[in-house]
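Remember, it's 1-based here, ligands and their atoms both numbered in the order they're listed.
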Amino acid sequence: MKKYQPINPKLTRFIHGADYNPDQWLDYPEILAEDLRLMNLANCNAVSVGIFAWAALEPEEGRFEFAWLDRIMDQLAENGIYAILATPSAARPAWLSQKYPEVLRVEADRRRILHGNRHNHCYTSPVYREKVLTINTKLAERYKDHPALLVWHVSNEYGGECHCELCQEKFREWLRHKYQTLKALNDAWWTAFWSHTYTDWSQIESPAPHGEGSNHGLALDWKRFVTHQTLDFFRHECKPLKAITPDVPVTTNFMGTYPGLDYWKFADALDVVSWDSYPRWHGRKPDTRTAAETAFVHDLNRSLKRGKPFMLMESTPSMTNWQEVAKLKRPGMHLLSSLQAVAHGADTVQYFQWRKGRGGSEKFHGAVVDHVGHERTRVFQDVAAVGAVLKGLDPVVGTTVEPEVALIFDWENRWALEDAQGPRQEKKYEETCHRHYYPFWSQGIPVDVINADCDFSRYRLLIAPMLYMVRPGVAERISRFVADGGTFVATYWSGIVDEHDRCFLGGFPGPLRKVLGIWAEEIDALYDGEVNYVVMTAENSLGLTGVYQARELCDLIHLEGAETLGVYKEDFYAGRPAVTVNRFGKGEAYYLASRNEDQFLEDFYARLIDKIKIKRVLPVKPPTGVTAQVRTDGVRDFVFILNFTAEQQAVDLGGEGGKNLLTGEVAQGQIQLDPYGWIILERKKA
Ligand code: GLA
Ligand code: ZN
């Protein structure tokens with residue numbers, strides 16, 4: 001019983017392929033012919049075409065050249081390869097910028113950019129919108145019945161913002177619609193501060209380095225507006241695609257936890273979520289941490305559509321040339337990191353890029369086909385091996401992940417939190433979320449990464465690190481979740497501001513005060529290197545013992561019904577509660593008042609997992625650096641055990657083990673995983 005249809009029912013297998021730029025090679029027919037042979041050899045079944053091809057498609061205003069793309073599409077189809085066809089708005093021809101300068105973005109300093117680079121158009125410009133609409137319509141009309149057409153790849157990595165007059169006007173319009181009256185806006189933004197009260201809508205300007213930079217309400221609304229306007233542009237791009245090819249799924253590729261856009265707002269507008277993943281494998285951080293952080297983003301992308309499989313639209317087959325140090329993936333890492341995406345819910349493994357270009361800034365970026373031009377390279381063979389493995393995973397297509405645990409990573413919260421001055425300038429929100437996620441990854445427990453607007457009732461454990469902003473309704477839903485028997489974990493610096501970044505009056509953590517059973521009176525900030533300690537109290541209900549380091553932030557709280565599990569050891573707040581639990585209805589709400597060392601989080605969550613009986617994928621915790629994840633079709637579980645260390649690891653499968661999905665052999669008891677090794681087991685749904 002499959003949970004989801006394949007991304008496009010035309011192709012019922014895993015999608016494997018890369019960004020393909022034939023428009024760079026139109027004068028090299030022998031290379032274009034060779035590409036097709038190599039795609040088959042690499043076990044690729046789909047390529048993303050035309051992402052930056054506008055100049056080749058419309059070399060002069062109104063003169064369209066589709067013959068080359070016709071040929072490519074036909075040849076792909078003849079060779080059994082599908083096209084993830086792009087709309088070209090991410091980079092535009094020079095004639096367009098020259099004739100219509102309004103399409104060029106204006107920076108925050110109000111300087112209009114010159115033509116060049118990419119990802120830099122104004123999202124409001126009517127001319128740009130019109131030109132995009134024309135070319136998207138032509139593409140959709142021309143290829144609507146083409147057998148190769150599989151998915152629409154709309155634009156590329158939307159990002160950035162435009163401060164031009166057209167965008168300012170739209171911003172003011174958006175604000176008028178939101179607030180109706182200037183009085184309401186002034187209240188929401190607390191503009192009496194420094195005499196920033198607005199008396200006319202036309203006085204409002206987006207934040208600027210030489211203008212407004214101190215109004216957090218404005219900054220927050222500007223960020224919301226940028227998301228709104230980008231999404232509006234995306235919907236505009238989709239109109240002809242949806243009208244002409246209603247059955248072809250539409251996506252746009254996200255950039256992980258890119259701070260500039262609230263991807264949650266896009267989720268409903270996409271048919272399938274896709275993202276571009278470029279971890280720094282073998283970098284300064286241990287691969288174990290890099291693996292968990294990458295897993296976190298995969299989980300976020302899966303959670304955006306409530307568990308629907310996503311696309312790994314881009315990843316590098318070897319090195320990523322724009323990173324400070326473009327290290328090669330060690331043998332085994334390419335297959336492992338590709339299967340990691342699959343383990344967390346990807347139904348595709350795709351790359352940037354198919355073939356290294358001869359010029360331009362990405363000529364040294366990893367690619368399936370190197371400048372040498374043939375298949376006898378390590379990287380090509382690695383890619384072909386991924387394709388071969390994916391062919392053996394048909395039963396996994398369309399399956400999902402059903403975590404009992406959710407972690408809130410919320411864009412609006414992050415915007416507000418990071419803008420705040422104090423208690424420390426560096427807030428480390430994302431890092432803190434990673435640190436709370438890691439214990440679950442290392443225990444082999446799937447997690448959804450959600451935002452504060454999601455439905456909590458499907459989970460048993462809800463974690464909200466640094467939930468500084470509590471929007472209307474969120475505290476009520478958290479309280480209901482706990483009252484109904486859920487377990488909630490919150491930390492220091494939570495429940496501070498409302499949706500406008502205005503502080504809650506009457507005591508922090510504001511609307512979460514009741515469910516947590518505490519009042520946070522003050523917060524102490526520690527310098528780097530300074531420590532306090534949390535001493536666990538005798539016979540605390542989690543059975544934690546010992547002393548842990550507390551660093552950077554220490555909330556000074558009062559109990560209002562909660563019970564103390566640990567206290568501070570030093571300073572004028574020695575003896576005051578540092579870890580608490582409040583029994584609320586049928587559930588419990590924990591408060592971690594300080595930022596504690598990782599060992600605390602590992603021990604705390606390990607006890608909590610046991611106490612409330614959260615299911616591990618394997619009965620026994622895997623060794624450090626190894627994780628177990630699971631996808632399910634409701635009847636069968638597909639267990640992925642992945643070793644992110646350069647050493648062999650013994651893993652205890654416990655229980656019944658399972659059947660190796662690729663070989664059919666039964667696996668039980670203790671198994672050995674090679675360095676960067678993995679195994680995929682099928683078993684009855686747990
Ligand atoms: C991004 C872009 C690609 C390419 C890669 C290189 O993800 O979408 O066009 O530039 O980065 O890593
Ligand atoms: Zn603009």
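For NE2 of His210, the number of neighbouring non-hydrogen atoms (other residues, nucleotides, ligands) closer than 6.0 Å is greater than 12. Heavy atoms from other residues, nucleotides or ligands lying under 6.0 Å from NZ of Lys170 number 12 at most. Around the CG atom of Asn117, the shell of radius 6.0 Å holds no more than 12 heavy atoms that belong to other residues, nucleotides or ligands.
For atom 3 (C) of ligand 1, the nearest non-hydrogen atom of the protein is Glu314 OE1, 3.4 Å. For atom 6 (C) of ligand 1, the nearest non-hydrogen atom of the protein is His365 NE2, 3.2 Å.
Which parts of ligand 1 touch Glu157 is read off a 4.0 Å heavy-atom cut-off, strictly below it: atoms 1 (C), 2 (C), 7 (O), 8 (O). Numbered from 1 in the order shown, with element, the atoms of ligand 1 that lie under 4.0 Å from a heavy atom of Trp322 read 6 (C), 12 (O). Ligand-side atoms of ligand 1 in range of Asn156: 2 (C), 8 (O), 9 (O), range being under 4.0 angstrom from any heavy atom. Contact atoms of ligand 1 toward Glu362: 4 (C), 5 (C), 6 (C), 10 (O) (distance under 4.0 Å to a heavy atom of the residue). Atom numbering of ligand 1 starts at 1 in the shown order; those under 4.0 Å from a heavy atom of Phe52 are 9 (O).
Both tests hold for Arg355 against Trp25: distance to the six-membered ring centre under 6.0 Å, angle to the ring axis within 45°.
Residues Val272 and Phe310 share a closest heavy-atom pair of CG2-CA, 4.3 Å.
Between Asp232 and Arg235 no salt bridge is recorded (no basic side-chain N to carboxylate O distance below 4.0 Å).
The residue Met255 has no part lying near ligand 1, judged by heavy-atom distances below 4.0 Å. With a heavy-atom cut-off of 4.0 Å, Arg118 touches ligand 1 through its side chain alone.
Centred on the Zn ion (ligand 2), the angle running from Cys122 (SG) to Cys162 (SG) is recorded as 110°, rounding to 10°.
Here the side chains of Glu65 and Leu57 are not in contact, with every heavy-atom distance at 4.5 Å or above.
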